[in-house]
Number of protein chains: 2
Amino acid sequence: MPADPDRATGALYRTVAADLREAITAGRYGEAGRLPAEGALAERYGVSRGTVRQALALLRADGLVTSRRGTRRVVLGTARVQSFSELLSFTHWARSMGEEPGGRLESLVRRPADATECELLRLEPGTEVYVTLRLRTLSGTPVMVERTVYPPRVGEIVAELPADAVSHTEPLREHGILFTDADHTIDVVAANTEDARLLGCRRGSPLLREKRRTTDPTGTPVEWSQDRYLPGTVAFSIHNSLASSALSRHARDGD
Amino acid sequence: MPADPDRATGALYRTVAADLREAITAGRYGEAGRLPAEGALAERYGVSRGTVRQALALLRADGLVTSRRGTRRVVLGTARVQSFSELLSFTHWARSMGEEPGGRLESLVRRPADATECELLRLEPGTEVYVTLRLRTLSGTPVMVERTVYPPRVGEIVAELPADAVSHTEPLREHGILFTDADHTIDVVAANTEDARLLGCRRGSPLLREKRRTTDPTGTPVEWSQDRYLPGTVAFSIHNSLASSALSRHARDGD
DNA sequence: CGCCGAAAGTTGGCTGGCCAACTTGGCCCG
DNA sequence: CGGGCCAAGTTGGCCAGCCAACTTTCGGCG
């Protein structure tokens with residue numbers, strides 16, 4: 001597990017970004033302080049100004065610094081930045097918080113995909129999919145119910161995993177299934193009978209629902225999941241800006 | 001209201017991005033189709049490859065296209081993209097959906113900021129803040145309760161607005177208060193007595209809560225707001241990717 | 001002393017070019 | 001006919017430079 005996602009590749013601009021991020025988080029430029037000019041940073045790191053700008057674009061997107069023409073960049077916050085995989089994988093996320101993640105497979109069935117599943121996973125009508133139902137725990141206490149639909153190529157691998165496997169995404173990655181893009185939708189839903197039984201809450205009590213569709217680098221969907229969290233266990237947090245926004249709000253249009 | 005946020009500035013790369021976005025949304029490259037090579041696009045638009053890459057980076061961040069070294073970009077989805085202001089402003093958002101937004105000011109008080117407000121708005125202890133409570137409606141039906149804390153500079157302007165003003169952000173912009181960055185946190189909360197009365201639901205029934213802190217280009221906080229939505233009226237949707245992530249999930253740490 | 005304008009400093013935007021890393025498809029050979 | 005190798009195509013990354021737009025500062029002038 002790389003300590004710093006920015007340093008994952010050998011790219012220069014990621015190294016610079018990682019260094020600046022570390023400096024900002026350590027408060028070395030102060031809250032609401034000013035960053036050195038791009039040119040100065042370029043000289044310090046021995047790279048071109050373009051490379052520095054690439055690095056700063058990363059920090060900008062994470063909401064660590066502002067950017068305005070005419071004046072130096074201002075430090076916005078000493079942000080908690082989390083990697084893509086921490087968002088995608090319950091296991092990664094839990095571990096990054098120092099909690100002990102757990103997972104119990106309640107059921108795994110193979111059945112023909114319905115219409116919406118075919119649409120979302122981009123499959124031919126009638127293709128068989130693998131559907132898992134898992135109860136996820138943090139340090140032993142149940143916090144989330146996860147219902148995931150996998151296309152055959154992925155499902156075949158999942159089906160081979162032991163029932164008490166904590167992480168599914170890690171073994172999948174080792175089998176060459178890559179997760180690179182995800183669309184998330186967050187809303188509130190009432191617990192059904194099954195949710196209530198697994199999570200130990202009352203039927204109809206509110207749950208925070210995250211719907212997620214994940215694709216690999218070729219754009220092929222690899223996962224379609226509905227996670228339902230007990231209230232008070234998680235919150236989702238987003239930064240967006242005029243410069244680059246990744247979030248949208250929209251009307252609910254019935255599952 | 002600009003039809004396309006990408007064309008807001010006269011920047012070339014935004015124009016290119018807007019054109020490509022339009023083409024993708026119109027399905028001109030097909031679902032899961034391939035985009036022309038960067039070089040080809042550069043020639044078509046008469047710009048350098050660097051500019052095309054800037055444009056494609058925008059689409060990449062929105063999850064419209066993938067990008068992988070060695071092969072052409074693949075169209076991921078025909079995404080519903082929303083601008084920063086649609087996320088920030090209930091009014092903009094509602095109008096973009098063709099709904100009629102409404103707002104009724106329930107109360108506006110001026111009082112000393114408490115400790116957390118000072119922290120969040122970066123104010124000296126004891127500074128007076130303006131606190132508004134508004135009921136927001138879509139086509140007449142209540143959907144959201146909005147509690148916003150403004151620092152003096154901003155609150156003074158808000159206090160002058162008529163009680164039935166639909167939008168607050170628009171007049172603020174005209175007074176030179178700019179919104180450029182926002183941090184959002186989304187979770188579930190139970191309706192208190194006031195929420196229940198305003199929204200017409202039962203006390204204790206679940207609401208989708210969005211906490212938001214907005215800053216201007218200098219990094220100065222201009223707004224701190226808690227919005228509570230009736231379930232079923234909104235969902236939040238996010239795209240993130242290995243290439244650039246803007247979302248994080250974290251444990252709830254009690255208001 | 002205060003206001004205004006000029007100059008310096010800084011970021012946004014764009015160009016053109018170069019090489020490396022990677023994917024794909026086709027060709028050649030066994 | 002199949003497998004492996006090679007070349008072409010494509011994106012990632014980096015550089016050096018230029019100008020425009022904007023902010024801030026500072027000095028001169030009223």
Side-chain angles (χ1 to χ4, degrees), chain A residues 6-18 20 29 33-61 64-76 176 178 180-181 216-220 241-244, chain B residues 6-18 20 29 33-61 64-76 176 178 180-181 216-220 241-244:
Chain A
D6 282 347
R7 256 185 254 268
T9 84
L12 258 179
Y13 75 96
R14 289 188 184 276
T15 312
V16 174
L20 289 173
Y29 294 110
R34 295 287 182 87
L35 239 51
E38 295 174 356
L41 290 172
E43 197 169 353
R44 176 196 303 180
Y45 289 105
V47 300
S48 79
R49 196 186 141 215
T51 302
V52 169
R53 285 173 64 76
Q54 264 185 290
L56 290 170
L58 288 185
L59 306 188
R60 182 70 185 83
L64 264 83
V65 299
T66 58
S67 73
R68 227 179 8 145
R69 178 145 54 188
T71 192
R72 291 240 279 274
R73 293 177 130 91
V74 175
V75 176
L76 267 187
L178 298 176
T180 58
D181 281 85
D216 71 7
T218 70
T220 312
S241 73
L242 249 187
S244 76
Chain B
D6 282 346
R7 255 185 255 271
T9 84
L12 258 182
Y13 76 96
R14 289 189 182 273
T15 312
V16 174
L20 289 173
Y29 294 110
R34 296 286 182 88
L35 239 52
E38 295 173 355
L41 290 172
E43 196 169 353
R44 177 197 302 180
Y45 289 105
V47 299
S48 79
R49 194 185 143 216
T51 302
V52 169
R53 284 174 64 78
Q54 263 185 290
L56 289 171
L58 288 185
L59 306 188
R60 182 71 186 81
L64 266 84
V65 298
T66 58
S67 73
R68 231 184 357 150
R69 178 145 54 184
T71 191
R72 291 239 280 273
R73 294 178 128 92
V74 176
V75 176
L76 267 187
L178 297 178
T180 59
D181 282 84
D216 70 9
T218 70
T220 313
S241 73
L242 249 186
S244 75

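Chain letters run A, B, ... following the sequence lines, proteins first, then strands; residues in each count from 1.
By the 4.5 Å heavy-atom criterion applied to side chains, L35(A) and V65(A) are counted as neighbours.
Checked against side chain to side chain contact (heavy atoms under 4.5 Å, CB included), E38(B) has the following partners two or more places apart in sequence or in another chain: R49(B), V52(B), R53(B), L56(B), R73(B). With sequence neighbours excluded, no residue forms a salt bridge (charged side-chain N to carboxylate O under 4.0 Å, His left out) with R68(A). Listed by chain and number, the residues in a salt bridge (charged side-chain N to carboxylate O under 4.0 Å, His left out) with R72(A) amount to none (sequence neighbours excluded). In this view, R44(A) and Y29(A), P36(A), L41(A) satisfy the side chain to side chain contact (heavy atoms under 4.5 Å, CB included) rule, not counting sequence neighbours. Looking at residues two or more places apart in sequence or on another chain, you find a side-chain hydrogen bond (donor to acceptor under 3.5 Å, both in side chains) between T71(A) and R34(A).
Each of dT10(D), dG13(C), dG12(D) was ranked by its minimum atom distance to the side chain of A37(B); first place goes to dT10(D). Taking the side chain of Y13(B) as heavy atoms from C-beta on, and the options dT11(C), dC14(C), dT11(D), the nearest nucleotide is dC14(C).
Residue contacts shown for R53(B) include a base, since a base heavy atom lies under 4.0 Å away.
Spacing between atom CD of Q54(B) and atom C1' of dG16(C) amounts to 14 Å, rounded to whole angstrom units. Going from atom CZ of R73(B) over to atom P of dT10(D) covers 13 Å, rounded to whole Å. What separates CD of E38(A) from P of dT10(C) is a distance of 10 Å, to the nearest Å. One atom, CG of L58(B), and another, P of dC14(C), lie 11 Å apart when rounded to the nearest Å. The distance between atom CD of E43(B) and atom C1' of dT10(D), rounded to the nearest whole Å, is 15 Å. What separates CG of L178(A) from C1' of dT23(C) is a distance of 14 Å, to the nearest Å. Rounded to whole Å, the distance from CZ on R72(B) to P on dA8(D) is 17 Å.
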Taking only nitrogen or oxygen atoms into account, show me every contact under 3.5 Å that the protein makes with nucleotides 15-25 of chain D, one pair per line with its distance.
residue, atom, partner, partner atom, Å
dC15(D), OP2, S48(A), N, 2.8
dC15(D), OP2, S48(A), OG, 3.2
dC15(D), OP2, T51(A), OG1, 2.5
dT23(D), O4', G70(A), O, 3.4

